[in-house]
Amino acid sequence: MTQFLIRFVIGGLVVSGFAICGEVLRPKSFAGLFGAAPSVALASLGLTFKHNGAQYVAIEARSMMLGAVAFLVYAYLVGQVLKRGQAKALTVSILAMPVWFALSFSGLWLLTRFA
Amino acid sequence: MQIRFDLRSLKETRAHEYVARFLFGGLCTGVAWIIAKKFGPAIGGLFLAFPAIFPAAVSMIQDHERRSKAEIGYDGTSRGREAAALDAFGASIGCAGLLAFALWTWRFATRFTSSYVLLTSLSLWILVSAAGYLIRSHWPRGKRTQTL
């Protein structure tokens with residue numbers, strides 16, 4: 001429980017910090033970079049190094065690469081739908097979330113099967 | 001287009017939006033740890049790049065732009081949507097940086113100290129993301145939409 005609380009507080013602070021950076025920067029397309037900041041990774045990996053060791057971190061980071069590729073496709077898709085459609089940003093970004101799950105988990109399946 | 005700071009946008013953010021970000025960020029970090037603990041680091045690692053606060057972020061941007069247009073008597077619906085789309089495209093460029101961050105950490109986690117690995121990974125994220133942004137902003141098709 002203590003571990004969870006520590007990660008919760010650190011994660012909240014790091015995510016908020018990056019979000020504020022993204023908010024004060026212009027143009028919007030540059031500020032958008034902060035939407036994909038490694039905030040959760042930074043908050044998590046420091047403690048993971050300490051408690052689980054470097055090998056554990058390396059395994060997490062390898063999977064994180066797949067999550068990042070899935071995020072790239074997902075964010076681009078959301079941008080395209082918003083640019084061309086009439087839907088709300090919240091609706092589009094939530095409805096497109098299965099894309100992230102499908103890509104990242106199928107990528108992990110391929111990695112574990114063929115690597 | 002020149003990169004600049006606009007501190008006024010901090011005033012546009014409401015208190016509950018700051019609280020929501022903190023809670024979402026904290027929850028996502030905590031949940032990523034629980035998933036890694038329960039299902040192992042291979043599955044847990046995926047969630048280090050989960051777009052947890054992305055929906056809330058694009059929605060806030062859309063609302064801010066719409067509100068600022070409404071204050072001067074215009075319908076800011078399409079401008080809000082355009083701003084959210086630009087933010088999403090920016091995030092997709094940032095994901096290239098996120099990929100570089102993860103790649104670097106994967107390759108060097110076992111070779112160097114944790115602080116060195118994380119600091120260099122973060123630097124790489126900034127470099128790759130900024131390079132991606134510069135390439136896109138000099139790409140003729142991208143220039144048209146970068147006005148916000």
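Letters A, B, ... are given to chains in the order of the sequence lines, protein chains preceding strands, and every chain is numbered from 1.
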Under a 4.5 Å heavy-atom criterion, the part of residues 95-103 of chain A in contact with chain B comprises A:M97, A:W100, A:F101
Which of parallel (below 30°), tilted (30 to 60°) and perpendicular (above 60°) describes B:F22 and A:F8?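 It falls in the perpendicular class, over 60°.
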Would you call the rings of A:F34 and A:F18 parallel, tilted or perpendicular, taking 30° and 60° as the class edges?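 Tilted.
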What I'd like to find out is whether the side chain of [X] reaches to under 4.5 Å of the side chain of [Y], using heavy atoms alone.
X	Y	result
B:S92	A:Y74	no
B:T120	B:F112	no
B:V117	A:F49	yes
A:R7	A:S44	yes
B:L46	A:L66	yes

Taking every heavy-atom pair that is under 4.5 Å apart, which of [options] has the most such pairs with chain A?
options	value
B:L27, B:I93, B:D63	B:L27
B:S114, B:G132, B:G44, B:G30	B:S114
B:A42, B:A57, B:S129	B:A42
B:F24, B:F108, B:F50, B:F5	B:F50

* To do: Kindly say whether B:A83 contributes a backbone atom to a donor-acceptor pair with the side chain of B:E65 at under 3.5 angstrom?
  => no
Go through the atoms of [X] and report whether side chain, backbone, both or neither lie under 4.5 Å from a heavy atom of chain B.
X	result
A:L111	neither
A:L45	both
A:S39	neither
A:A37	both

Quick check on [X] against chain A: is it the side chain, the backbone, both or neither that has a heavy atom closer than 4.5 Å?
X	result
B:F47	both
B:I43	both
B:F101	side chain
B:I53	side chain
B:A36	both

Measuring from B:S121:OG to B:Y116:OH, what's the distance to the nearest 0.5 Å?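 Going from the OG atom of B:S121 to the OH atom of B:Y116 covers 9.5 Å.
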For B:R67, does the CZ atom have more than 12 heavy-atom neighbours from other residues, nucleotides or ligands under 6.0 Å away?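 Enclosed: over 12 neighbouring heavy atoms sit under 6.0 Å from CZ of B:R67.
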- Message: Would you say that more than 12 heavy atoms from the other residues, nucleotides or ligands in this model lie under 6.0 Å from the CD of A:Q3, or not?
- Response: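 Yes, because the 6.0 Å sphere around CD of A:Q3 holds more than 12 heavy atoms from other groups.
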Examine the side chains of B:R66 and B:Q62 and answer whether a donor and an acceptor come within less than 3.5 Å of each other.
-> no
